[in-house]
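See structure below.
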2 protein chains.
Amino acid sequence: MDMNERKKKILHSIINEYIKSAEPIGSRHVARNLDIGLSSATIRNEMADLEEMGYLEQPHTSAGRIPSDKGYRLYVDSLMNDYELTVPDMTALGGTLEWQLGQIDKIIKKASVILSELTNYAAVLTTPEMKRGAIKTVELVPVDNSSALIILVTNEGVMKHKRVLLPAGTDTEFVHRFSALLREKLSGLTLDEISATKISEIRRAMQAHFELLFPILDFIADVIDDVRAETEVFTSGATNILSYPEFSDVKQAKEFLEFLDDKNAVAGILNTDDETGTQNNGGITVRIGQENALDIMKKSSVITANYYVGNRVMGKLGIIGPTRMDYSKTIAKIKKISAMLNRLLYELYVDEE
Amino acid sequence: MDMNERKKKILHSIINEYIKSAEPIGSRHVARNLDIGLSSATIRNEMADLEEMGYLEQPHTSAGRIPSDKGYRLYVDSLMNDYELTVPDMTALGGTLEWQLGQIDKIIKKASVILSELTNYAAVLTTPEMKRGAIKTVELVPVDNSSALIILVTNEGVMKHKRVLLPAGTDTEFVHRFSALLREKLSGLTLDEISATKISEIRRAMQAHFELLFPILDFIADVIDDVRAETEVFTSGATNILSYPEFSDVKQAKEFLEFLDDKNAVAGILNTDDETGTQNNGGITVRIGQENALDIMKKSSVITANYYVGNRVMGKLGIIGPTRMDYSKTIAKIKKISAMLNRLLYELYVDEE
DNA sequence: ATTAGCACTCAACGAGATAGAGTGCTAACA
DNA sequence: TGTTAGCACTCTATCTCGTTGAGTGCTAAT
């Protein structure tokens, strides 16, 4: 059995149609409504072939056909057309222009909200792996007599803070001086470079004046570890999936929403960098149905893109929806948003350096 | 028609039973399974009375009866028994003991998660109204040559930060000195006390040395305004509601989940301090079905409690679920958690002052 | 005052019957 | 040889209709 142009054209039409209607497509429908100049009988034969080749499936004998994962895969890789963002799409993006100078977290959160609103699927987004980020500044802010705040800012605009208890009788000026020492020792280092040995080194340097604050050092090591390990996951628009007939069963829908609530599981889905998902173009990865590792995702597709600060990958953003997804449109939208995000982050955190 | 003890007992039994089964309760069932020493016929008469009085409803002629909002109201106000937390409940609360010294936000978030897990309803929680909070410390942390971080800590442990651009050529030492001035001027003031006049006063004090930093002052005013206005809303376990037959219709479930995503709407529900919802006991408010203002809530009930730092109300926590709710159990659990939260916050932010 | 008994109501369920969409196959056709 | 018309066949979805059973309200007996 060979794959000719005509088969491709028919498959393309069927998938386009099924994406819209969610109803199995019959030969008659293809012959009438989609302008391929062939009779339903001929189409019927071709569809039988396409099924044998694994691109289509039949829910039952007397129903039309629906695309298989393999069908979608072909569609994504070589059939579908590029989608041009429309005016309404662009106006929906208008809000992004209002992004303010602020914490990277907020920008990122906003991006995921926009993505979910624009696509009508569930948007997911991971924050940076920080291992290779560098410390821009460290500050120990005294809050009252017994506690202070450790504040850590990295060159990617990420900020972390933690409250620590101070040994009794520590005075404010003292804390400020220690803060200066910390800053001097740690500024410019990448998080990876701050090892246990580095910490001991600081401990030695403290010997002279700051014995009192030894316990604090452990807290600081903690915060750094936290930042290093942590990659947060935001989801947005999870309830969107309830709009699709694929999730009309409440039990399944509940399972799926609970899965989306489980940050770790979602992070897993985003970070599986296997070769199955084609790196289509512009760094977009599409993983269709069975190509996903987790059982609960076998009937869904994931589209992800990386985002950057300068040329370092910071995290991923993407959407999750039913395999019957408008791939072309959605890919265009993700590309657009990740491009906007990249530009913005570049302006904020690279330009000014 | 008068309300005698027997009627109350029957109503009580019916509601208890309906809370468990979600099925309309018939006279026969009451006579057999719940030990009221009466025949089904007698119960039937009593139930007809209770319906006429508005405490029960009939979905259709040949079905059993279900409680009305009025029925639940009577139940909550004077029928139901106190619920003793069981051992499994307590172990579920065990996790709370691990609460760490940290930001108040995290504690509060954790509390809402525990609440939703413990009750199996959707938990909601609002953070403090900050108007009357006092500033514990202000710090301006230089991040690099062109930007700094404003950090604001209040006596309730809330921390806010914002990144600001520095005028070209500002040096670090300069920023630190300005930071000290700010701290001196603002520490101890409540947010309400920091008016425009106060800001101008600082501006005058700066005159001598800090003209360069005038623009920063506006940012600081911004941050303070933010903190003052802001009351955050956390929700947790929203998907729990999908377990209940009341929400088995996907369309309705979607609407409801979207409502729970709308922080403003949820805040509205929590903050309506009207007289309808009885202040039952221990500061618990129960609002049943129609007693809620919003249409989408007319088939749900809300149970809320205030929580405090010391003796100042900080915010509310509560749950939202179907009117067929296990009021007794849920109230006990909310009481318990708000008590734990109060104690913890007291220890953290009052004790040490 | 309570209860047994009975006629009545109505949703839920299951069994056909029917309609309709779609298929595969065969034979005719260009 | 590729395409198409026609037809028998399959199978789901939908509707009708009778049955079942839970539950009620009313009446008359206790």
Side-chain angles (χ1 to χ4, degrees), chain A residues 1-11 13-15 17-18 20-68 71 245-246 248-249, chain B residues 1-11 13-15 17-18 20-68 71 245-246 248-249:
Chain A
M1 191 85 53
D2 56 336
M3 186 60 154
N4 55 30
E5 276 310 308
R6 195 171 73 181
K7 279 195 176 57
K8 280 189 189 169
K9 189 170 177 189
I10 292 172
L11 182 59
S13 301
I14 290 174
I15 295 183
E17 206 64 9
Y18 182 70
K20 276 187 237 154
S21 69
E23 299 286 327
I25 309 295
S27 56
R28 193 183 142 92
H29 181 87
V30 177
R32 283 209 186 159
N33 304 7
L34 317 167
D35 59 337
I36 305 173
L38 291 172
S39 76
S40 67
T42 311
I43 307 235
R44 209 145 47 231
N45 287 327
E46 295 288 43
M47 282 170 77
D49 290 354
L50 284 167
E51 180 172 3
E52 204 176 326
M53 295 162 79
Y55 295 109
L56 291 177
E57 291 173 350
Q58 244 182 330
H60 56 262
T61 340
S62 72
R65 283 173 171 95
I66 62 175
S68 66
E246 280 85 349
S248 61
D249 175 49
Chain B
M1 195 83 54
D2 55 335
M3 185 61 152
N4 54 30
E5 277 311 308
R6 194 171 76 182
K7 280 195 176 57
K8 280 189 190 170
K9 189 171 178 190
I10 291 173
L11 182 59
S13 301
I14 291 174
I15 296 183
E17 206 64 9
Y18 182 70
K20 278 188 235 153
S21 69
E23 300 285 329
I25 310 295
S27 57
R28 194 183 141 90
H29 181 88
V30 176
R32 284 209 186 160
N33 305 9
L34 317 169
D35 60 337
I36 305 175
L38 291 172
S39 76
S40 66
T42 311
I43 305 227
R44 209 142 52 229
N45 288 325
E46 295 289 43
M47 283 170 77
D49 290 353
L50 284 167
E51 180 172 3
E52 204 178 325
M53 293 160 80
Y55 296 109
L56 292 177
E57 291 174 350
Q58 242 180 332
H60 57 262
T61 340
S62 72
R65 283 172 170 98
I66 61 175
S68 67
E246 280 85 350
S248 62
D249 176 48

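Residue numbering restarts at 1 for every chain, and letters A, B, ... go by the order of the sequence lines.
Taking atom CZ on A:Arg44 and atom C1' on D:dA5, their separation rounds to 10 Å, with Å as the unit. B:Glu57 places its CD atom 15 Å from the P atom of D:dT24, with the value rounded to the nearest Å. C:dA21 atom P lies 13 Å from atom NE2 of A:His60, rounded to whole Å. C:dT23 atom C1' lies 14 Å from atom CG of A:Asp49, rounded to whole Å. One atom, CD of B:Glu51, and another, P of D:dG23, lie 15 Å apart when rounded to the nearest Å. Rounded to whole angstrom, the span from the CG atom of A:Asn45 across to the P atom of D:dG6 amounts to 16 Å. Look at CD1 on B:Ile10: it is 12 Å from C1' on C:dT2, rounded to the nearest Å. Between the CD atom of A:Gln58 and the C1' atom of C:dT23 there is a distance of 7 Å, given to the nearest Å.
Contact between the side-chain N/O atoms of B:Arg28 and the OP1/OP2 oxygens of C:dT3 is not found at any separation under 4.0 Å. Phosphate proximity of D:dG25 to B:Arg65: present, with a side-chain N or O under 4.0 Å from OP1 or OP2.
Distance NE2/B:His29 to CD1/B:Ile14: 9.5 Å, rounded to 0.5 Å. The CG atom of B:Asn4 sits 12.0 Å away from the NZ atom of B:Lys9 when rounded to the nearest 0.5 Å. Note that CE of A:Met3 is 10.0 Å distant from CG of A:Asp49, once rounded to the nearest 0.5 Å.
Around atom CG of A:Asp35, no more than 12 heavy atoms belonging to other residues, nucleotides or ligands sit under 6.0 Å away.
In the set D:dT10, D:dT24, C:dT3, the nucleotide with an atom closest to the side chain of A:Thr61 is D:dT10. In this structure, of D:dT3, D:dC11, C:dT23, it is D:dT3 that holds the atom nearest to the side chain of A:Arg6. For A:Ala41, the listed nucleotide lying nearest its side chain is D:dT4; candidates were D:dT12, C:dG24, D:dT4. Here the side chain of B:Ser62 is nearest to one of C:dC10, D:dA5, C:dT23, namely C:dC10. The side chain of A:Ala48 approaches C:dG24 more closely than any other nucleotide in the set D:dT3, C:dT2, C:dG24.
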Walk me through whether B:Glu17 and B:Lys20 qualify under side chain to side chain contact (heavy atoms under 4.5 Å, CB included). CA-CA 5 Å; B:Glu17 206 64 9; B:Lys20 278 188 235 153; 3.9 Å; yes
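Toward the 5' end of DNA chain C, the nearer of the two residues A:Ile25 and B:Ser39, judged by each one's closest nucleotide, is B:Ser39.
Among the heavy atoms of the strands lying under 4.0 Å from B:Thr42 is at least one base atom, whether or not backbone atoms are also near. Within 4.0 Å of A:Ser40, counting heavy atoms only, lies no atom of the nucleic acid at all.
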